[in-house]
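Please read the structure below before turning to the comments.
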Amino acid sequence: MTKGELTTLMESLGQPTFRVKQVEDWIWNKNAKSFEDMTNLPKSLRAQLSESLALGGVEEVARQVSEDGSRKYLLRMTDGVTVECVGMPSGKKLAVCVSTQAGCAMGCAFCATGGAGFTRSLTPSEIYDQVMHVRDDFNTRVTSVVFMGQGEPFMNYDNTLAALRKLNDPEGAGIGARHLTVSTCGVIPMIRKFSREPEQFTLAVSLHSAVQKTRNQIMPGVKKYSLLNLYTVMGEYVDRTGRRPTYEYALIDGVNDTREEMEALCDFCRDTLAHVNIIQLNNVPGSKLKPSTERRAEDFVNALSRVGVEATIRNSRGSDIDAACGQLKQRLS
Ligand code: SAH
Ligand code: SF4
C-alpha cells in the first residue's frame, strides 16, 4: 500500500491521520511481523487491520554461515517463490546483497541464476524486506546495499527504483544514496533512464568482455545492446551525473582473460571515469567455465593501471558457502 492508500484506509476507519505514520513506522523501521505487534495502536484497530489486510514479509527457509562472518539466506515470499540474499559484515559496517527477481531471463553462461531461468519479478517491499531481514538477524544498522543478487534490476526497473527510494528515505532505512548500488548486465535504455533520476545512486555494469563476439557468447541476453552503444551511454551517464561507474569483470580461464581481451578492456576503459572490479569467477558446479589464476587477475589490474584506469581485485566473500548467486537455491531444489 502506498502512503495515500493507507491514509484513505485510516480515514474510512475514522482514525486520526497520525495512525498512518505509526503503521508506517512499524512496517518500514521496526519490521513488525503482525498487526498485533503494533502496540501503540488501539486493540480494536489492530483487530480490524488483521481481519482485512495481510502483512507481507519474507520467511527464512535456509541459511549458510561463512567462516568470514557473512551469512547467506534463502527467503520465501508469500506465494512460495524463493530468492537469496547475503549479509556481509566488516568491522562496524554491514553490507547487504539483495535479489530483484526470482530467477533471471538474461541467461549469462557463468551465472547459476541465469542457468535456472526466470520465475517472476519482486515487488518493492519484497526487495526492501530482504534488507530488513538481514538487519534484524545481525541486529545492527545496514550501511550499504548492493543490488547484485538474483535477477536483472533493470528488467524490473520501477520496482527496483521504488525499493531504492524506500531504502534511501529517512522514514525508511535511511541509507545514503551513494551507498546504494545497482548492478546491471547492460540494459541500455534503462541505464539512460537511471542517469536521469535525481538521487545519487551508484551504478555498476557487468562488462565481462570488451570483445563483442565473446560478450555475445557469455552474455546472450544483452546481445542486442552493442558494446559501442554501451560505451556511448556510459559516456552520457558520466557527463550527466559526474559519478564514477564501476565495471565488473569476472575472469574466466581461456575465455576473457587473453591478451586480446586485456587490450580490448584497456581500450574500452581508457579516458573514462570508470573503475574496474576484477572478480575471481565463482565456480558453478556443472559448468565448463573455470576461474583464471590470481596471477592473471594481477596482470589485468596492472595493465589497466598502466593506461590510467583504476582497478581492484574484489575479494570474494563467503567462498566456503556456495558464494555464487543461485547456488544455495539450486542445491535445495
Ligand atoms: N543481473 C545483474 C545483477 C546480479 S548479478 C548483473 O548481471 O549485473 C551480480 C554480479 O555477479 C554480476 O556482475 C554478475 O556478472 C556476477 N556473477 C554472476 N555469476 C558469477 C560467478 N559465477 N562468478 C562471479 N561473478 C558472477
Ligand atoms: Fe541475470 Fe546477472 Fe546472472 Fe546475467 S549475471 S544471468 S543478468 S543475474
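Counting starts at 1 for both ligands and their atoms, following the listed order. Computed from a prediction, not measured in an experiment: that's the story for all the values here.
Partner of Glu199 under the salt bridge (Lys or Arg N to Asp or Glu O under 4.0 Å) criterion, chosen from Arg178, Arg165, Arg243: Arg165. For the pairing with Glu84, the side chain to side chain donor-acceptor pair (under 3.5 Å) check across Arg63, Gln130, Lys72 returns one residue only, Lys72.
With a 4.0 Å heavy-atom cut-off, ligand 1 is reached by no atom of Asn283. Looking at Val284 against ligand 1, only its side chain comes within 4.0 Å, counting heavy atoms. Contacts with ligand 1 closer than 4.0 Å are made by no heavy atom of Met106, backbone or side chain. At a heavy-atom cutoff of 4.0 Å, ligand 1 is contacted by the side chain of Glu248 but not by its backbone. At a heavy-atom distance under 4.0 Å, atoms from both the backbone and the side chain of Cys108 approach ligand 2.
Arg270 contributes no side-chain N or O that, together with a main-chain N or O of Val309, makes up a donor-acceptor pair within less than 3.5 Å. Here the side chain of Arg71 pairs no donor or acceptor atom with the backbone of Gly87 at under 3.5 angstrom. Side chain of Asn168 to backbone of Ile175: a donor-acceptor contact under 3.5 angstrom is found. Under a 3.5 Å cut-off, the side chain of Ser66 and the backbone N or O of Asp68 do form a donor-acceptor pair.
Within the structure, ligand 2 has Gly151 among the residues with a heavy atom less than 4.0 angstrom away. Not a single heavy atom of Pro291 sits under 4.0 Å from any atom of ligand 1. The shell of residues lying under 4.0 angstrom from ligand 1, judged by heavy atoms, excludes Gln150. Remark: distances from the non-hydrogen atoms of Gly149 to ligand 1 include one below 4.0 Å.
Residue Cys185 approaches ligand 2 through these ligand atoms, each under 4.0 Å from one of its heavy atoms: 7 (S). Listed by number with element, the atoms of ligand 1 under 4.0 Å from a non-hydrogen atom of Thr184 are 6 (C), 8 (O). Those atoms of ligand 1 with a heavy atom of His208 less than 4.0 angstrom away are 13 (O), 14 (C), 15 (O). Close contacts between ligand 1 and Met148 involve ligand atoms 4 (C), 5 (S), 9 (C) [criterion: under 4.0 Å to a heavy atom].
For an aromatic pair to be called close, the ring centres must be under 6.0 Å apart, and Phe110 with His208 satisfies this. Residues Tyr128 and Trp28 bring their aromatic ring centres within 6.0 Å. For His275 and Tyr247, the gap between ring centers reaches or exceeds 6.0 Å.
Considering backbone and side-chain N/O atoms, Phe147 never comes within less than 3.5 Å of an N/O atom of ligand 1. Any N or O atom pair closer than 3.5 Å counts here, and Glu152 shares at least one such pair with ligand 1. Considering backbone and side-chain atoms alike, Gly151 places an N or O below 3.5 Å from some N or O of ligand 1.
Residues Arg215 and Gln212 have side chains that never bring a donor and an acceptor to within less than 3.5 angstrom of each other.
The closest non-hydrogen atom to atom 6 (C) of ligand 1, taken over Cys108, Ala109, Ser206, comes from Ser206. Comparing Ser183, Gly186, Ala250 against atom 2 (C) of ligand 1, the shortest heavy-atom distance belongs to Ser183.
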Could you please spell out the steps behind the side-chain contact (heavy atoms from CB on, under 4.5 Å) verdict for Leu203 and Thr241?
CA-CA 11 Å; Leu203 179 66; Thr241 66; over 6 Å; no
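Note: Met88 CE to Leu94 CG = 8.5 Å, rounded to the nearest 0.5 Å.
Here Cys104 fails the criterion, with no N, O or S atom under 2.8 Å of atom 4 (Fe) of ligand 2.
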